Amino acid sequence: MHDLKFIRDEPAAFDQGLKRRNIEPESAKILRRDSELRALQTRLQQAQARRNEASKLIGHAKAKKDEAQASALMAEVSGLKREIQEGEERERLDQAVLQAILATIPNLPASDVPEGRDETGNVELRRVGQAPGMNFSPKEHFDLGEQLGLMDFEAAGRMSGSRFVVLKGQLARLERAIASFMLDLHTGTFGYQEIAPPYLVRDDAMFGTGQLPKFADDLFRTTLAHWLIPTSEVPLTNLVREQMLEEAQLPIRVTAHTPCFRAEAGAAGKDTRGMIRMHQFSKVELVSITTPEQSRDEHERMTAAAEEVLKRLGLHFRTMVLCAGDMGFAAIKTYDIEVWLPGQKAFREISSCSACGDFQARRMNARYRPADGRPRFVHTLNGSGLAVGRTLVAVLENYQDGNGRIAIPDALQPYMGGATHIGS
RNA sequence: GGAAGAGUGUCCGAGUGGUUUAAGGAACUGGUCUUGAAAACCAGCGACGGGGAAACCCGUCCGUGAGUUCGAAUCUCACCUCUUCCGCCA
């Protein structure tokens with residue numbers, strides 16, 4: 001949610017930011033509604049002030065038994081009543097319309113975000129590690145998993161349809177191992193607090209992080225009108241909704257391993273084979289709540305925490321900064337981490353770390369009290385640390401030995417009961 | 001799912017139709033005192049919005065929304081959330 005004051009003060013900068021996101025200018029329309037609304041508010045408030053004053057005088061007149069004075073005032077206030085009621089109703093209406101417009105406008109890109117209309121404009125920042133040398137033709141993860149007899153898309157299809165998978169045996173355990181390893185790293189090394197949050201949330205929570213009102217089609221909804229979380233960014237970030245935090249509490253760093261549910265509307269035909277794009281997948285999420293001054297450094301720190309997972313797993317990756325046209329709704333700046341998949345012969349996104357400024361905090365009304373001064377909105381950041389399913393895919397493809405076996409990375413062996421390989 | 005109770009500012013909490021301008025306390029900030037700290041005392045201190053160069057003025061907000069009234073934290077209705085009890089249940 002944008003700050004109206006900013007749009008008033010910097011309409012050109014606002015529209016310029018939207019333009020970088022391929023969106024038409026909005027400031028003129030917004031400011032026209034805003035000034036109409038404020039003019040209405042001023043008129044309404046003058047009427048209210050007079051009503052309040054007269055009502056008080058009625059009380060005094062009655063106390064003095066001056067009935068003539070009292071009834072004269074009552075007649076006056078009675079006349080104001082209609083005007084005030086109509087004014088209040090219009091104010092509510094206009095306010096709601098303005099809020100609805102603001103609610104669908106995405107955040108503005110930071111000044112150091114590169115220009116670009118789509119993913120072709122993203123810029124590679126660094127590459128770490130190297131692709132494993134293989135003297136055989138690497139297979140894709142679904143072939144490996146199915147050959148092991150431990151990855152079953154057919155069984156999942158029979159009970160749930162497409163874009164679901166059943167993992168079995170050592171692959172089911174590998175998913176659990178990857179998640180545990182990630183959580184232990186983030187809680188142990190990077191100081192995140194582990195959270196076990198709800199997977200079902202209300203409208204307000206989805207609005208807070210920006211999934212609603214625009215992206216309802218991407219979400220699953222229960223018959224009781226809860227939404228299934230598409231990422232634990234939603235419950236983790238909403239942990240501070242409607243809260244007044246103390247500055248000394250910040251930064252707050254939380255992490256959770258949860259399933260994520262996505263309708264994948266509009267993704268027909270993309271990544272239809274394998275585990276890359278599922279209706280249900282597992283992810284370890286990182287969320288930080290910071291002061292405005294802390295958020296830039298925190299963004300780098302969070303991205304480094306996500307990268308550390310890949311380093312410890314010995315996986316080759318590159319880190320991209322997304323261009324303005326390719327960023328998500330709430331982000332002011334996003335780093336994507338892409339892991340090398342030898343079977344696909346491509347880098348694929350495995351983490352996305354976004355700084356959101358105070359955009360989500362406004363929607364959630366999450367504030368903090370500076371040591372000295374008036375309340376301010378917090379800054380929020382979220383990042384995958386990492387997508388567990390895609391990490392499993394990466395392990396399979398990078399650690400295949402050409403004979404159908406998968407080596408288990410050293411860092412995961414303790415979580416696999418000491419096993420060094422999957423398959424015989 | 002059923003019944004009863006509750007929801008007031010950063011927190012606790014008083015307040016059943018008109019000087020409530022939301023009492024009082026805590027926390028916090030500044031000061032006095034003190035070798036220093038604590039305690040005590042004094043002073044300041046809600047959020048959001050509108051107007052104004054500023055001092056300051058005005059409005060809204062007592063879970064949310066709608067109503068009654070000249071006037072609502074206070075009365076009415078609906079909804080939400082929490083607590084307790086009952087039911088069901090891993």
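Just so it is clear, the structure is predicted and the values come from calculations on it, not from any experiment.
Nearest-nucleotide assignment on RNA chain B puts the 5′-proximal partner with Glu246(A), out of Pro375(A) and Glu246(A).
Taking 4.0 angstrom as the limit, Arg369(A) places none of its side-chain polar atoms (N or O) nearer than this to OP1 or OP2 of G46(B). Put simply, Arg38(A) has no side-chain N or O that comes within less than 4.0 Å of OP1 or OP2 on G49(B). Distances shown here put a side-chain N or O of Arg8(A) below 4.0 Å from the OP1 or OP2 atom of G50(B).
Interface residues of residues 193-207 of chain A facing RNA chain B, ordered by number: Arg202(A); criterion, heavy-atom separation under 4.0 Å.
The local environment of CD in Gln249(A) is crowded, with over 12 non-hydrogen atoms from other residues, nucleotides or ligands closer than 6.0 Å. For Arg296(A), the CZ atom is loosely surrounded, since the number of other residues' heavy atoms within 6.0 Å does not exceed 12. A 6.0 Å sphere centred on NZ of Lys19(A) holds no more than 12 heavy atoms belonging to other residues, nucleotides or ligands.
In this structure the side chain of His2(A) never reaches within 4.5 angstrom of the side chain of Ile30(A), judged on heavy atoms. Residues Met206(A) and Phe215(A) have side chains not in contact (no heavy-atom distance under 4.5 Å, counting atoms from C-beta outward).
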Point to revise | Pair Val339(A)-Leu386(A), side-chain contact (heavy atoms from CB on, under 4.5 Å): steps then yes or no | key: CA-CA 11 Å; Val339(A) 70; Leu386(A) 313 162; over 6 Å; no

Practice item. Please test Ile408(A) against Thr420(A) for side-chain contact (heavy atoms from CB on, under 4.5 Å), starting from the C-alpha separation and ending with a verdict. Key: CA-CA 5 Å; Ile408(A) 297 172; Thr420(A) 57; 5.7 Å; no

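Atom name P, nucleotides C88(B) and U81(B): the rounded distance is 23 Å, in whole Å. Separation of the P atoms belonging to A53(B) and A78(B) is 49 Å when rounded to the nearest angstrom. Nucleotides U68(B) and G50(B), compared at atom C1', are 29 Å apart to the nearest Å. For the C1' atoms, the distance from C62(B) to C57(B) is 24 Å, rounded to whole Å. Comparing the P positions of A66(B) and A72(B) gives an interatomic distance of 14 Å, to the nearest angstrom. Taking atom C1' in both C75(B) and U19(B), one finds a spacing of 22 Å when rounded to whole Å. As rounded to the nearest Å, A37(B) and U32(B) have P atoms that lie 11 Å from one another. Look at the P atom in both C28(B) and U21(B): the space between them is 31 Å, to the nearest Å.
Listed for the His186(A) side chain is no donor-acceptor partner under 3.5 Å among the backbone atoms of Leu286(A). Of the possible polar contacts, none joining the Glu247(A) side chain to the Tyr368(A) backbone as a donor-acceptor pair under 3.5 Å is found.
No side-chain N or O of Thr209(A) forms a donor-acceptor pair with one of Glu233(A) less than 3.5 Å apart.
Atom C1' of nucleotide C61(B) and atom CD of Glu242(A) are separated by 15 Å, given to the nearest angstrom. Following rounding to the nearest Å, Gln45(A) (CD) and G50(B) (C1') show an atom-to-atom distance of 5 Å. In this structure, Gln41(A) atom CD and G50(B) atom P are separated by 7 Å, rounded to whole Å. The interatomic distance linking Tyr368(A) (OH) with C11(B) (C1') rounds to 20 Å, in whole Å. Between the P atom of C28(B) and the CD atom of Glu247(A) lies a distance of 15 Å, rounded to the nearest Å. Protein atom NZ of Lys5(A) is 4 Å distant from nucleotide atom P of G49(B), rounded to whole Å. One can place CD of Gln46(A) at 17 Å from P of C57(B), the figure rounded to the nearest angstrom. Taking atom CZ of Arg367(A) as the reference point, atom C1' of G9(B) lies 10 Å away to the nearest angstrom.
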Revision key, fill the gap. Output field dot_bracket for RNA chain B (Watson-Crick or G-U, both distances under 3.5 Å, | for other-strand pairs) contains ((((((((.[[[..)..(.....]]].(((((.......))))).((((((....)))))).[[[[[..)....]]]]])))))))....

Atom pairs under 3.5 Å: protein N/O with N/O of nucleotides 70-74 of chain B:
residue: G71(B); atom: O4'; partner: Ser55(A); partner atom: OG; Å: 3.4

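Heavy atoms only, all atoms of each residue included: Leu183(A) and Glu194(A) are closest at CD1-OE2, 3.5 Å. Of all heavy-atom pairs between Gln294(A) and Leu250(A), the closest is NE2-O, 3.6 Å. In terms of heavy atoms, Leu18(A) sits closest to Glu24(A) at CD1-O, 3.9 Å.
Closest to the Met244(A) side chain, of the nucleotides G50(B), U10(B), C48(B), is U10(B). Nearest nucleotide to the side chain of Gln48(A), out of U60(B), G51(B), C48(B): U60(B).
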